[in-house]
Amino acid sequence: MTRAPRDPRIAIVGAGMSGICMGAMLKRAGIDTFVVFEKAARVGGTWRENTYPGIACDVPSRFYQFTFAPNPDWTHRYSPGAEIWAYFERVAADTGVAERIRFSTTITEARWTGTAWAVSASDGTCEEFDFLVSATGILHHPAYPRIEGLETFAGPAFHSARWDHDVDLSDKRVALIGTGSTGVQILGDLAGKVDRLLLLQRTPHWVVHLANPAFSEFTRRLHGRFPAYDRFSYHVNRKIIEALSPALLHPGRTRRFLTWLTKRQLSRVTDPDLRAALTPDSAPMCRRLIISPTYYDAVQHPDVEVITTPIARIEPAGVVTTDGTLHPVDVLVLATGFDAHAYLRPINLIGPGGLTLDEVWADGPRAYQTVAVPGFPNFFMFMGPNSPVGNYALTAIAETQAGYALTWIARWRRQEFESAMPTAEATDRFYVGVDEALPDTVWATGCTSWYLGANGKPELFPWAPERHRVLLGRIDDGDFVMTSAAS
Ligand code: N01
């Protein structure tokens, strides 16, 4: 006699892109017994929090969407942040995920009771769930620079992910610290719109100039009318990026072409001193490759000054560089990146026997095939350590990781197990492969970036993103410790 499937209680932490993806895929599988906990009052994660001028996605929009929620209405090849945020809000509403979200609820702790996850929120409530899914985002915790006197600055000072839209910059002298993807996008938008813009560059990054054309009304209608055409576009974009990704990671013709291209594009900077200052000494892609349609024009705008002398300290009136010069400014913008290694922390995850995630990760974050952690049953993680989060669509990674979690959940529904977690040995085996492959990649050619963990190793997936999909497309029972369902 076949038993009716059980309804799993599932806690998803975070209603950003990944949490919405998990919820939508659960809904599509007919599972409605989940709660999405969201600390803020709206969905959207990084796209809600980052509203700085110039924000856009540097992955083509046709690919930066869920396969189950095509969007024919993208306005540009690389669409602006507000449009992407609206897309995720729409997906959450259309799929019914929005109804399952508990807003303004911060999860502080999740403890395995022996049979379930007891999930506690900051409001003092605690509920039990059969599965815990972390969808807390990777670039989520702003990294504030340790610069002497930062707190003494007299004017407005804010991180790029905490943009203060009440400050009118049009007549201000603005200091922009940081030249990563964010700083480059901000500069591209602000150059010429403020009184003066000082770009404080510590290390130059390679930038590829790619045009960002608008999609015509006709193209948008074509995508709306023929979903198969939209799917085709998605797969073409994916194929191109997936073909380029591994080729760009290793020496060869494609890498030589990228090196040639980035140098050639840098030659748009006509002043040889400025060009030299903007020339990185690391290989392109060692740090995340920056894609911008505007940077080299913006950086040469007469109202923009690039300062490469290191910052000594901040004073109330401005930035002092190590040559003793005070650069007077009215506003300080910190485009100084994120702590990409916190993952779900500061949530206190406590597994069987009281083992905490901090203890398990004392030597650095590690995950079984990017999605699960030994010692923590019925727990899955989005964008976990060594996920393929380089120049790739995180929407596609989320679908792969959600699909994997869903397969386990479907098995639980069929009562094939009660709890499951990866073994330490299987996780070690995964890392033998990772550690063998990483030194051959461009990320290990000697540069610093948020890719590197505390041990100096890149916390990235060292193979083609396709391989991630294949890896998570199957379940290997031998890699797991399972307790069986009560008969
Ligand atoms: O952060 P970053 P980001 N004094 O860490 C500088 C994603 N993203 O926010 O290079 C002076 O790359 C630091 O200097 P250095 C994307 O994955 C995506 O720009 O370390 N400078 C660097 O220049 C991206 O990779 C999109 O020497 C200091 C900058 O701050 C990731 O977010 C758009 C400093 C930080 O660069 C992070 O990008 C935007 C100090 N004390 C972002 N401390 C898309 O389009 C730090 N810096 C999808």
Side-chain angles (χ1 to χ4, degrees), residues 16-17 45-47 49-61 63-64 76-85 137-150 157 159-163 175-189 198-208 210 212 241 277-278 280-282 285-295 306-314 319-322 332-341 383 387-397 443 447-452 458-460:
M17 180 277 291
T46 197
W47 299 106
E49 298 199 357
N50 287 276
T51 58
Y52 58 79
I55 185 167
C57 186
D58 60 8
V59 174
S61 300
F63 180 34
Y64 194 87
H76 287 79
R77 182 183 292 161
Y78 304 100
S79 294
E83 211 176 293
I84 299 167
W85 183 15
I138 179 162
L139 298 166
H140 172 63
H141 301 281
Y144 288 89
R146 278 194 222 119
I147 303 175
E148 186 194 325
L150 180 59
H159 190 275
S160 52
R162 301 283 180 272
W163 197 270
L176 173 59
I177 301 179
T179 51
S181 302
T182 303
V184 163
Q185 289 184 339
I186 293 172
L187 181 84
D189 187 86
L198 306 189
L199 180 66
L200 290 127
Q201 172 191 274
R202 188 165 67 178
T203 320
H205 293 235
W206 286 112
V207 178
V208 173
L210 290 180
N212 187 17
I241 294 175
L278 296 178
D281 58 8
S282 57
M285 296 262 305
C286 184
R287 327 174 93 202
R288 193 178 195 274
L289 190 65
I290 298 177
I291 293 164
S292 164
T294 50
Y295 185 59
V306 179
I307 297 170
T308 55
T309 311
I311 300 169
R313 62 182 182 280
I314 308 275
V319 180
V320 180
T321 42
T322 52
L332 206 53
V333 174
L334 308 170
T336 45
F338 300 88
D339 172 7
H341 310 282
M383 311 303 148
S387 290
V389 294
N391 287 89
Y392 193 66
L394 267 57
T395 43
I397 304 167
W443 304 314
C447 63
T448 57
S449 76
W450 64 264
Y451 287 170
L452 306 184
E459 246 161 65
L460 291 176

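Just so you know, these numbers use all the heavy atoms, side chains as well, and skip hydrogens, waters and symmetry mates. All residue numbers in this chain count up from 1 along the given sequence. In listed order, ligands and their atoms are each counted from 1.
Protein heavy atom nearest atom 37 (C) of ligand 1, with residue, atom name and distance: Trp450 NE1, 3.7 Å. Ranking the protein heavy atoms by distance from atom 36 (O) of ligand 1 puts Gly180 CA, 3.7 Å first. The closest protein non-hydrogen atom to atom 18 (C) of ligand 1 is Arg288 NH1, 4.2 Å. Among protein heavy atoms, the minimum distance from atom 27 (O) of ligand 1 is reached at Thr203 OG1, 2.3 Å.
Under the 3.5 Å distance criterion, the side-chain polar atoms of Thr336 are left unmatched by any main-chain donor or acceptor of Gly178. Side-chain atoms of Gln185 come within 3.5 Å of backbone N or O of Ala56 as a donor-acceptor pair. Looking at Ser61, its side chain does come within 3.5 Å of a backbone N or O of Arg77 through a donor-acceptor pair.
Atom numbering of ligand 1 starts at 1 in the shown order; those under 4.0 Å from a heavy atom of Leu139 are 7 (C), 17 (O), 31 (C), 32 (O). Atoms of ligand 1 lying under 4.0 Å from at least one heavy atom of His205, given by number and element, are 10 (O), 22 (C), 23 (O). Shown in contact with Asp58 at under 4.0 Å from a heavy atom are these atoms of ligand 1, numbered in order with element: 44 (C), 45 (O), 48 (C). For ligand 1 and Gly178, the ligand atoms under 4.0 Å from any heavy atom of the residue are 6 (C), 23 (O), 29 (C), 30 (O). Ligand 1 places these atoms under 4.0 Å from at least one heavy atom of Arg287: 10 (O), 15 (P), 20 (O). Atom numbering of ligand 1 starts at 1 in the shown order; those under 4.0 Å from a heavy atom of Thr179 are 22 (C), 23 (O), 29 (C). Ligand-side atoms of ligand 1 in range of Pro145: 40 (C), 41 (N), range being under 4.0 angstrom from any heavy atom. Remark: ligand 1 atoms within the under-4.0 Å shell around heavy atoms of Ala56 are 44 (C), 45 (O).
Taking CD1 of Ile291 as the start and OG of Ser181 as the end, the distance is 8.0 Å to the nearest 0.5 Å. With values rounded to the nearest 0.5 angstrom, Leu200 atom CG is found 10.5 Å from Leu334 atom CG. From Tyr392, atom OH reaches atom OH of Tyr64 across 12.5 Å, with rounding to the nearest 0.5 Å. Taking NE2 of His341 as the start and CD1 of Ile138 as the end, the distance is 7.5 Å to the nearest 0.5 Å. Going from atom CD1 of Ile314 over to atom CG of Leu332 covers 5.0 Å, rounded to the nearest 0.5 Å. Residue Arg287 holds its CZ atom at 15.0 Å from CH2 of Trp443, rounded to the nearest 0.5 Å.
Closest heavy-atom contact between Gly183 and Leu176: O-CD2, 3.6 Å.
If you look at Thr182 next to ligand 1, the close heavy atoms, those under 4.0 Å, come from the backbone and the side chain alike. The part of Ile177 lying near ligand 1 is the side chain, judged by heavy-atom distances below 4.0 Å. At a heavy-atom distance under 4.0 Å, only side-chain atoms of Tyr52, from C-beta outward, approach ligand 1. Proximity of Ser160 to ligand 1, defined as any heavy-atom pair under 4.0 Å, is not found for any part of the residue. At a heavy-atom distance under 4.0 Å, only side-chain atoms of Phe338, from C-beta outward, approach ligand 1. Within the 4.0 Å heavy-atom criterion, the part of Ala335 lying near ligand 1 is the backbone and not the side chain.
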As a quick check of understanding, evaluate side chain to side chain contact (heavy atoms under 4.5 Å, CB included) for Phe338 and Thr46, giving each step before the final call. CA-CA 11 Å; Phe338 300 88; Thr46 197; 5.7 Å; no
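Residue Arg202 holds the heavy atom nearest to atom 40 (C) of ligand 1 of all those in Arg202, His159, Gln185, Gln201. Summarising the contacts of atom 24 (C) of ligand 1 with Pro204, Gly337, Cys57, Ser181, the nearest heavy atom is found in Ser181.
Ring planes of Tyr52 and Trp163: tilted class, angle from 30 to 60°.
Every heavy atom of Thr448 sits 4.0 Å or more from the atoms of ligand 1.
Two residues are said to be in side-chain contact when any heavy atoms from C-beta on lie closer than 4.5 Å; Trp85 and Asn50 fail this criterion.
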